[in-house]
Number of protein chains: 2
Amino acid sequence: MTPPPNATRTTKPPYHHGDLPRALVAAATRLIEDGAGAQVTLRAAAEAAGVSIAAPYRHFESREALLAAVLIEGFHELTQRMEDARAAATEPLAALAATGLAYVRFAADRPALYRLMFSPACDKAAFPELMDAGHASLAVLQDAVRDARRQLGITEEAVARVALSGWSLTHGLASLYVDGLLADARPAEALDALAQGMIATLIAGLRAS
Amino acid sequence: MTPPPNATRTTKPPYHHGDLPRALVAAATRLIEDGAGAQVTLRAAAEAAGVSIAAPYRHFESREALLAAVLIEGFHELTQRMEDARAAATEPLAALAATGLAYVRFAADRPALYRLMFSPACDKAAFPELMDAGHASLAVLQDAVRDARRQLGITEEAVARVALSGWSLTHGLASLYVDGLLADARPAEALDALAQGMIATLIAGLRAS
DNA sequence: AGCCGATGTTATCCTTGTCAACATGACCCC
DNA sequence: GGGGTCATGTTGACAAGGATAACATCGGCT
């Protein structure tokens, strides 16, 4: 798994070692999910990628920059999952609920990564690309809300605010889950059920206004 | 400010230096809020408290333990604020909304601290007291929900689940705010308005079910 | 008064982020 | 094909910071 299969190979293969940037991101991701969490060490990532300690600096300005790259990829995956879920539904309200559910499921599937994506371990303001990736995820939810505007009975200007409500709700639930503050909701099914219930309640509240 | 005035002196004054544990927690809190964030350094806290580098180890097992103490105090303050807000309202539904609003305001007032309180910088599972402090805050919200059970039209067994919804919503909003992902909602008033609207929507949704 | 243990200090080690100086080898151009 | 050039990778070193050990100090108890 160290040499990641050229899954979404968009950039041309760089130099003689292979794709070191990608290898480093993959190694760091793996380390994070294997328990290192926010304390991933640049040295460990370099070693896992099979290069020397200083090699990463040819591709990343700092440890934090590597972390940012990992998180950006995380946001891309999140965006993808939300888009897929949204596209699979046939009806706007169902699509909206599915989008929210996909969000929570992502957090449940990749808790360590999700945690870092919303942690001060990486100063988002310092990495515009990271901020953009985050906003791209939010945009999916906004689109889903816009599609369900009629069913929700809201105006176009309210879309952003309503999307924010949805994001807050799912993000809050997901955060509590990955932080272990949800003693119950242990099996993933329980979390799923909780998320679905909450989303339904919020939608009901919107329609009642 | 190095020798902190014995503000809420509850433990007996220890030894000859004064109350070093408290001084360290205060110093660390200050450093965190002055921009150090999760990268507070044990050395800096020790220096700010006017003691040598190794002194903190007489009172805290590790840097993380000091951090945990800071966060515990943060949760206590959060609990207090929620309780005050809840007590000030005269009607159950208003009390519930006020409790949620107090939560968001705490995050807005002390963003750096709030951030750390829900970050992987400190492994909550390793500090039972920290976990307890967090649960105490949640308990306030649960009590507020229980008081409004009739108005919300929910059963006693649903209380925990509904409280969780409310916590998720407010925590999500607060998290997005302190993470700077809310480009809008800059002035605190906007955040207040957003929070109130969301809480009202959620309550409406609960009553509609 | 004199002991004891809690508290604080000094010296030191180890990990880790970061940088500078050097090595290498792929690609381009003639 | 051969040499130049620049991106890429390596070695070595430094500084910051967490952690510990050995020593120093001071208050309270007997």
Side-chain angles (χ1 to χ4, degrees), chain A residues 2-3 11-28 31-32 34-71 116 119-123 126-127, chain B residues 2-4 6 9 11-28 30-32 34-71 116 119-123 126-127:
Chain A
T2 305
T11 59
K12 61 183 190 300
Y15 256 70
H16 56 332
H17 178 94
D19 196 336
L20 185 52
R22 206 170 284 277
L24 283 170
V25 170
L31 287 167
I32 287 167
D34 281 3
Q39 285 106 37
V40 226
T41 196
L42 200 51
R43 292 168 126 89
E47 188 180 11
V51 294
S52 78
I53 304 161
Y57 285 91
R58 295 293 169 194
H59 305 277
F60 301 96
E61 274 203 344
S62 64
R63 170 186 173 280
E64 206 180 350
L66 171 57
L67 206 53
V70 170
L71 303 191
L116 283 219
S119 93
C122 184
D123 178 15
F127 300 93
Chain B
T2 307
N6 43 4
R9 171 69 53 87
T11 59
K12 62 181 189 302
Y15 257 73
H16 56 333
H17 177 94
D19 196 337
L20 186 52
R22 204 169 285 277
L24 284 170
V25 170
R30 186 189 173 86
L31 288 168
I32 287 168
D34 280 2
Q39 284 106 38
V40 227
T41 197
L42 201 52
R43 291 167 125 90
E47 189 179 10
V51 294
S52 79
I53 305 162
Y57 287 93
R58 294 291 171 196
H59 305 277
F60 300 97
E61 274 204 344
S62 64
R63 170 187 172 279
E64 206 180 348
L66 171 57
L67 206 54
V70 170
L71 303 190
L116 247 33
S119 91
C122 184
D123 179 15
F127 299 93

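Reminder, nothing fancy here: chain letters follow the sequence lines and each chain counts from 1. The model shown is predicted, which means the values in this text are computed figures rather than measured ones.
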Figure out the CG/P separation between B:Asp19 and C:dA6, and round it to whole Å. 17 Å
B:Arg58 CZ to B:Leu24 CG distance, which is reported to the nearest 0.5 Å: 13.5 Å
Distance, rounded to the nearest Å, where B:Arg58 contributes CZ and D:dC23 contributes P: 14 Å
What side-chain donor-acceptor pairs closer than 3.5 Å can you find for residues 34-45 of chain B, not counting sequence neighbours?
none

Would one find a side-chain N or O of A:His59 under 4.0 angstrom from OP1 or OP2 of D:dG9? yes
Sugar-phosphate means primed atoms, P, OP1 and OP2; the rest is base. With that split, encode nucleotides 13-20 of chain D 5' to 3' as B, S or - using protein heavy atoms under 4.0 Å. ----BBBB
What one should report as the nearest heavy-atom pair of B:Val51 and B:Leu20 is CG1-CD1, 3.7 Å
Roughly, in whole Å, what's the span from CD in A:Glu47 to C1' in D:dT10? 15 Å
Quick check: closest heavy atoms across B:Phe60 and B:Val25, and the distance to 0.1 Å? CZ-CG2, 3.9 Å
Those residues at least two apart in sequence (or on a different chain) that pass side-chain contact (heavy atoms from CB on, under 4.5 Å) with A:Glu64 are A:Ser62, A:Cys122, A:Asp123, A:Phe127
What one should report as the nearest heavy-atom pair of A:Ala46 and A:Pro56 is CB-CG, 3.8 Å
